[in-house]
Amino acid sequence: MKKRILLLTSAEPGYGPLSTTEKRFPLGLGFLIAVLRKAGHEVFFVDNYLARSDEIATGYLQKNNIDYVGVYSNTLCFRDTVRIITEALDQRAHHGWRGQVMVGGPHASLFPHSFPEGTDFVVAGEGERTIVAIVNGTVPAGVVQGEKTEELDRLPMPAYDCFQDDRYWVRVPPCPDYPIYTMNTSRGCPFGCRFCSVKGVWGRTYRAFSAQRIVNDIAALQEQYGIKGVYFREDHFTFDKERVREFATLLTERRMDIKWFCESRISDIDAGMLRLMKQSGCQWIYFGCESGSPRVLKHMRKGITVEQIHNVMSLCRQEGIATYTSWVAGVPTETQAELQMTVDLIADIKPTQACVNVFIGLPGSEMYEELIASDEFYGLDEIGIAYSTKYNDLVKRFYGANADRFYFTPEPQLVSTEARS
Ligand code: B12
Ligand code: SF4
């Protein structure tokens, strides 16, 4: 039977250690909308991350006869996720709404038991198969482990028609051409960097859309929306090098005339692959380099060396591909001298851009636990992110004019790890 489903994102908090200005498409919900439509259901969509709304409290569910409310949840926006769920449960308890509430996304995968009592379904992990099963009434309420789609090519394209709002970011500086749409073509990361929570969200098995499928999707987006480029905003676009070579070759053979941008890993790169990438329109690559200190890189279990960073930067320079690099300052145990090695390495390799992020402990990562157990632990904020005693000084040093909004002062009642669940 046809059901009516409202999917929402959660609004950003007014403070926090991570920037929330970049408003790109929530592609996970885009996939869910596409599979629900394919299964014959009607889907409504509200992007609170783009602009906070009070739809639920003001009768939206009753007006639109909504059967299911589904919320995308990440840790930073957790407070607003709780607000949305609480409002929906209140509509059911007091205002005659008769539907059910489900939640998914990274925070649900990492902390499935943290949601308000009464939430009917908490989906950890992948959502496409499970959301259809929930809506079709074949899943018992509670915490559900999302069933994986092994062959990603079987999924429909995300519902890009829901993202036709001018406030979304469809530019990728410094490229003058737009619109540039984001795509997400792989899931899971086989690496185990200790500061990262992605393995907890997606697991360590890598699955990806085929090169042919990506090219077909780009062609469809060119035709429907006149896109000029694609930004592969995903953890590890280049992990399967054969897939990247095939993708680049197909783009070139089909003369797609598309500019593209991706996120990669220093350990993936070789000259032949870079050349094909450049020929097919790749403009820049984003690399998580993290540190100039061999010991810190090892401590983070990043699986790359300073020598590899040097090599990849010069290969990219030779091939004419710009390099956007990200670095972390202040991981637990890092000394002043080791941080200086990072600063010196950046000066030495001269990437196109270097962004130094001050370390924060992300719940669900190994270094979060390490920080909390160490002498360097300063406190937790109200969403459970952990800060070190070095944090504020490093924010002052590296964030310049923006530093003010990132400072952290612990509240006495929040220094317990239990505060968050
Ligand atoms: C692209 C991206 C962005 C984009 C788009 C975000 C978005 N909402 O999709 C932008 C630039 C906006 C962004 C911003 C931020 N991001 Co971001 N982002 C990513 C990235 C690289 C890919 C997201 C994606 O497309 N995944 C693929 C799709 C298919 O997965 P999905 O969105 O999770 O959805 C699936 C399931 O989660 C589930 N699901 C999701 N929602 C629901 C709802 C229901 C009801 C159900 C049943 C299922 C379900 O089903 C979906 C389909 O399988 C991920 C890393 C990753 N591997 O996921 C980080 C990631 C999600 N981001 C992260 C963070 C920290 C942020 C920021 C908080 C801070 C920042 N500046 O980076 C902001 C928060 C913004 C926000 N509201 O999302 C963290 C979240 C960690 C956490 N514990 O919450 C991740 C996991 C990266 C990391 N290193 O840890 N991000
Ligand atoms: S930082 Fe990147 S490579 Fe390391 S575990 Fe996270 S997603 Fe994988």
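Indexing begins at 1, ligand by ligand and atom by atom, following the structure's order.
Counting heavy atoms under 4.0 Å from ligand 1, residue Val71 touches it through the backbone alone. Both the backbone and the side chain of Pro26 come within 4.0 Å of ligand 1, counting heavy atoms alone. Residue-level proximity to ligand 1 for Arg187 is carried by the side chain, the only part with a heavy atom below 4.0 angstrom. Looking at Leu76 against ligand 1, only its side chain comes within 4.0 Å, counting heavy atoms. At a heavy-atom cutoff of 4.0 Å, ligand 1 is contacted by both the backbone and the side chain of Asn74. With a 4.0 Å heavy-atom cut-off, ligand 1 is reached by the side chain of Leu110 but not by its N, CA, C or O. In Phe25, the part holding a heavy atom less than 4.0 Å from any atom of ligand 1 is the backbone. At a heavy-atom cutoff of 4.0 Å, ligand 1 is contacted by both the backbone and the side chain of Tyr72.
Aromatic ring centres of His236 and Phe191 lie closer together than 6.0 Å.
No salt bridge links Arg243 with Glu246; every basic N to acidic carboxylate O contact stays at or beyond 4.0 Å. Electrostatic pairing of Asp270 and Arg245 counts as a salt bridge here, judged by a charged N lying under 4.0 Å from a carboxylate O. One finds no salt bridge joining Asp393 and Arg397 here, because no Lys/Arg side-chain nitrogen approaches an Asp/Glu carboxylate oxygen to under 4.0 Å. Between Glu366 and Arg301, at least one side-chain nitrogen of the basic residue sits less than 4.0 Å from a carboxylate oxygen of the acidic one, meeting the salt-bridge criterion. Ion pairing between Lys23 and Asp165 fails under the 4.0 Å rule for side-chain N and carboxylate O. A salt bridge links Glu42 to Arg4: one of the charged nitrogens lies within less than 4.0 Å of a carboxylate oxygen. Remark: Glu128 does not engage Arg154 in a salt bridge, criterion side-chain N to carboxylate O under 4.0 Å.
For atom 6 (Fe) of ligand 2, the closest heavy atom belonging to the protein is Cys196 SG, 2.4 Å. Counting only heavy atoms of the protein, atom 17 (Co) of ligand 1 lies nearest to Arg233 NH1, 4.7 Å. Given atom 8 (Fe) of ligand 2, the protein heavy atom at minimum distance is Cys189 SG, 2.2 Å.
Looking at ligand 1, you won't find any N or O of Glu126 less than 3.5 Å from one of its N or O atoms. By the 3.5 Å distance cut-off applied to N or O atoms, Trp202 is counted among the residues near ligand 1. Taking any N or O of Ser10, backbone or side chain, none lies under 3.5 Å from an N or O belonging to ligand 1. In terms of N/O distances under 3.5 Å, ligand 1 is approached by Thr75.
With distances taken over non-hydrogen atoms, the option nearest atom 80 (C) of ligand 1 out of Ser197, Gly188, Pro106 is Pro106. Considering only non-hydrogen atoms, atom 4 (Fe) of ligand 2 lies nearest to Cys193 out of Gly192, Ser197, Pro190, Cys193. The nearest non-hydrogen atom to atom 10 (C) of ligand 1, considering only Glu22, Glu12, Glu234, comes from Glu22. Among Ile383, Val123, Asp47, Val201, the residue whose heavy atom sits closest to atom 47 (C) of ligand 1 is Val123.
Inspection of the Asn48 and Ser53 side chains reveals an N or O donor paired with an N or O acceptor under 3.5 Å.
For the pair Arg265 and ligand 2, a heavy-atom separation below 4.0 Å is found. At least one heavy atom of Ser19 sits under 4.0 Å from some atom of ligand 1. Note on ligand 1: Phe78 sits outside its first shell, no heavy atom being nearer than 4.0 Å.
The protein reaches atom 49 (C) of ligand 1 closely, with a heavy atom under 4.0 angstrom from it.
Applying the 4.0 Å criterion to heavy atoms of Phe191 picks out, from ligand 2, the atoms 3 (S), 5 (S).
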